[in-house]
Amino acid sequence: MSNALSILYFAVSLALVETARRRLSVPADVTRKAFFALAGAWSTPLVFLVQDPAARAVPFLILAVVTYASFRLELLAAIEDVGPGLGSVLFPLSCALLLRFFEPITALCGIAAMALGDTSAALVGRRWGTRKYRVLGHSRTMEGTLTMFLAASLSMALLLVFLGEVDAHRSVAFALFAGTVAASVEAASPYGSDNLTVPLSSGATLWLLERLSQ
């Protein structure tokens, strides 16, 4: 039942962003990030609907297959980025890995760091970023990196405060630390690889902080 709901949700989300691109001329970079935000948001009800970690990962593995087919066959321009990257595939794959191998709240935080943090950073950086810098041969903007830090930290802090089992002070401190890691990793990840590195590094950072604080 949960797989059917997930597939329906992803299908509707894909249809919405592709329609927005075709009918409303919404730029592909906006529709792509909007889809990541929509897909990432589904992880929250999923952890409450499904108890088995392996079963939670299945819908996102299916989505990874669908997005790979789209990439190879050029089916859905609304979710593809310019360049050689497999970002549209790596994001659902990272969600599947987090949901399978991490505790629910840690997984949700890692997904939020990408779905909300990186989405905000990309939109701000591409439209209003003026202070550029280069890391490992690719360009970033200070405005985008700062937005990444703020949005990732805020989203993780809210999840930890309202759904986590640690107090508010530690939740905010953990989120700020993980947000710093997320922004740093995003800046150094080329060709859409941040869709994998940011969620996993954020989740791993929170997992480590939780263990060290026990």
Side-chain angles (χ1 to χ4, degrees), residues 33 36-57 59-60 87 90-125 129 133 135-136 140-190 192-214:
K33 294 301 183 180
F36 287 164
L38 288 169
W42 180 247
S43 61
T44 300
L46 192 62
V47 300
F48 292 103
L49 289 171
V50 181
Q51 298 302 312
D52 180 20
R56 290 174 186 153
F60 283 96
L90 294 178
F91 178 63
L93 180 59
S94 70
C95 293
L97 291 171
L98 284 165
L99 291 168
R100 173 62 182 87
F101 295 109
F102 287 83
E103 292 296 321
I105 183 60
T106 306
L108 293 179
C109 285
I111 293 169
M114 182 66 203
L116 300 178
D118 185 69
T119 293
S120 302
L123 297 179
V124 169
Y133 65 96
V135 179
L136 301 178
R140 291 288 190 265
T141 67
M142 293 298 295
E143 292 86 353
T145 299
L146 177 60
T147 301
M148 173 72 188
F149 165 71
L150 293 174
S153 298
L154 178 61
S155 60
M156 288 188 285
L158 290 174
L159 285 168
L160 289 170
V161 167
F162 290 106
L163 298 180
E165 297 180 355
V166 295
D167 60 75
H169 293 294
R170 283 196 298 167
S171 294
V172 172
F174 287 0
L176 289 172
F177 195 95
T180 301
V181 171
S184 302
V185 169
E186 190 275 338
S189 301
S193 61
D194 56 338
N195 290 348
L196 182 67
T197 59
V198 167
L200 294 182
S201 64
S202 301
T205 299
L206 289 175
W207 177 87
L208 180 59
L209 290 172
E210 290 165 3
R211 295 302 179 277
L212 291 174
S213 66
Q214 292 177 352

So which atom in [X] and which in [Y] form the shortest heavy-atom distance, rounded to 0.1 Å?
X    : Y    : result
A54  : R100 : CA-CD, 3.4 Å
F91  : A39  : CE2-CB, 4.2 Å
S193 : L90  : CA-CD1, 3.8 Å
S94  : L196 : CB-CD1, 3.8 Å

Can you run down the side chain to side chain donor-acceptor pair (under 3.5 Å) pairs that involve [range], sequence neighbours left out, and say none if there aren't any?
range            : answer
residues 198-209 : none
residues 154-163 : none
residues 38-52   : S6-W42

Are side-chain heavy atoms of S213 and F174 found at a separation under 4.5 Å?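 Of all side-chain heavy-atom pairs linking F174 with S213, at least one is under 4.5 Å.
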Could you work out, with side chain to side chain contact (heavy atoms under 4.5 Å, CB included) as the rule, every residue matching [X], not counting sequence neighbours?
X    : answer
A107 : L98, L99, F102
A188 : V135, L136
L159 : I105, L108, C109, A112, L163
A96  : A57, F60, L61

Show every salt bridge (Lys or Arg N to Asp or Glu O under 4.0 Å) that has at least one partner inside [range], sequence neighbours left out.
range            : answer
residues 110-121 : K33-D118
residues 194-214 : none
residues 142-161 : R131-E143

Using side-chain hydrogen bond (donor to acceptor under 3.5 Å, both in side chains) as the criterion, list what pairs up with T145, not counting sequence neighbours.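 Partners of T145 by the side-chain hydrogen bond (donor to acceptor under 3.5 Å, both in side chains) criterion, ordered by chain and then number, come out as Y133.
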So, using side-chain hydrogen bond (donor to acceptor under 3.5 Å, both in side chains) as the criterion, who are the partners of R140 when residues are at least two apart?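 Partners of R140 by the side-chain hydrogen bond (donor to acceptor under 3.5 Å, both in side chains) criterion, ordered by chain and then number, come out as E186.
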Quick one: pull up CE in M148 and OG in S184 and give me the separation to the nearest 0.5 Å.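 With rounding to 0.5 Å, CE (M148) is 9.5 Å from OG (S184).
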Rounded distance (nearest 0.5 Å) linking atom CG of L208 with atom OG1 of T106: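 Spacing of CG (L208) from OG1 (T106) equals 11.0 Å.
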For M156 and L176, what are the C-alpha separation, side-chain angles and deciding distance, and is it a side chain to side chain contact (heavy atoms under 4.5 Å, CB included)? CA-CA 8 Å; M156 288 188 285; L176 289 172; over 6 Å; no
Any chance the side chains of S120 and T147 put a donor and an acceptor closer than 3.5 Å?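 There is no such pair (donor and acceptor under 3.5 Å, judged by atom type) between the side chains of S120 and T147.
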